[in-house]
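Reckoned from all heavy atoms, side chains included, excluding hydrogens, waters and symmetry mates. Remember, it's 1-based here, ligands and their atoms both numbered in the order they're listed.
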Amino acid sequence: MSFTLAIVGRPNVGKSTLFNRLVGKRLALVDDQPGVTRDLREGDARLADLRFTVVDTAGLEDANDDSLPGRMRRLTERAVDMADICLFMVDARAGITPTDQVFAEILRKRSAHVILAANKAEGAAADAGVLDAYGLGLGEPIRLSAEHGEGLNDLYVQLLPLA
Ligand code: GDP
Ligand code: MG
């Protein structure tokens, strides 16, 4: 059985970096039309022997980090509703922000399965942020480094029983 994993979280936490790592060059849907912004990117992901669809909530790059505009909320809700599992990503170096708390609230209400990932977790500078992430009330965070490919084994272990 296959499943859909949506990567959600505020801008700049590393969602697209993880998406690209999971998808490689196997991007399923590419919109070539000029002037058209794709807010949700979908790809065929591979993680060891797991095959699944991954959705990246793109199009948030211009959003103000300190607020949660309606667009960010709507886009996240769309991604959550089309997904079987949500990977909620926070930035372990930046720590938990008020915007992260709003995302956590959306997910607690709306998503059946949430995997919490504290990204940019390479090195000791991330330790405090990882501990902070426990306070979101979404369980134990995975220590992830999307850029360096660390923590993917822990992601695999969490996905396996849901797959
Ligand atoms: P998005 O806005 O959530 O999609 O974030 P991006 O994937 O575009 O990444 C935002 C920035 O964080 C980029 O400069 C990435 O290179 C950087 N980044 C992503 N993952 C990591 C990581 O694991 N460690 C560090 N140190 N930087 C990362
Ligand atoms: Mg992105």
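- Salt-bridge formation is not detected for the pair Arg51/Asp44: no Lys NZ or Arg NE/NH1/NH2 atom is positioned less than 4.0 Å from an Asp or Glu carboxylate oxygen.
- Annotation for ligand 1: atoms under 4.0 Å from non-hydrogen atoms of Pro11 are 2 (O).
- Taking 4.0 Å as the cut-off between side-chain N and carboxylate O, Arg74 and Glu77 do not count as a salt-bridged pair.
- Near Glu122, meaning under 4.0 Å from any of its heavy atoms, are these atoms of ligand 1: 22 (C), 23 (O), 24 (N), 25 (C), 26 (N).
- A salt bridge is absent between Asp56 and Lys15; no separation between the charged side-chain nitrogens and carboxylate oxygens falls under 4.0 Å.
- For Leu144, no nitrogen or oxygen atom sits less than 3.5 Å from a nitrogen or oxygen atom of ligand 1, counting backbone and side chain alike.
- In terms of polar-atom proximity, defined here as any N/O pair under 3.5 Å, Thr17 does make such a contact with ligand 1.
- Looking at heavy atoms from C-beta onward, Ile85 lies out of side-chain contact with Phe52 at the 4.5 angstrom threshold.
- Residue Asn12: no N/O/S atom is found under 2.8 Å from the Mg ion (ligand 2).
- With a 4.0 Å heavy-atom cut-off, ligand 1 is reached by the backbone of Ser145 and by its side chain too.
- Of the options Ile115, Val55, Val13, Val54, a side-chain contact (heavy atoms from CB on, under 4.5 Å) to Ile7 is made by Val54 and by none of the others.
- Counting only non-hydrogen atoms, the option in Gly14, Ala121, Gly9, Ala117 that gets closest to atom 6 (P) of ligand 1 is Gly14.
- Contact annotation for Met89 and ligand 1: no heavy atom of the residue comes within less than 4.0 Å of the ligand.
- Residue contacts with ligand 1: Asp56 is placed with no nitrogen or oxygen under 3.5 Å of a nitrogen or oxygen of the ligand (distance criterion only).
- Interatomic distance, Leu5 CG to His113 NE2, rounded to the nearest 0.5 Å: 12.0 Å.
- Residue contact check: Lys15 has heavy atoms under 4.0 Å from atoms 1 (P), 2 (O), 3 (O), 4 (O), 5 (O), 7 (O) of ligand 1.
- Residues Val130 and Leu116 fall into different hydrophobic clusters, defined by Ile, Leu, Val, Met, Phe, Trp and Tyr side chains chained together at heavy-atom separations under 4.5 Å.
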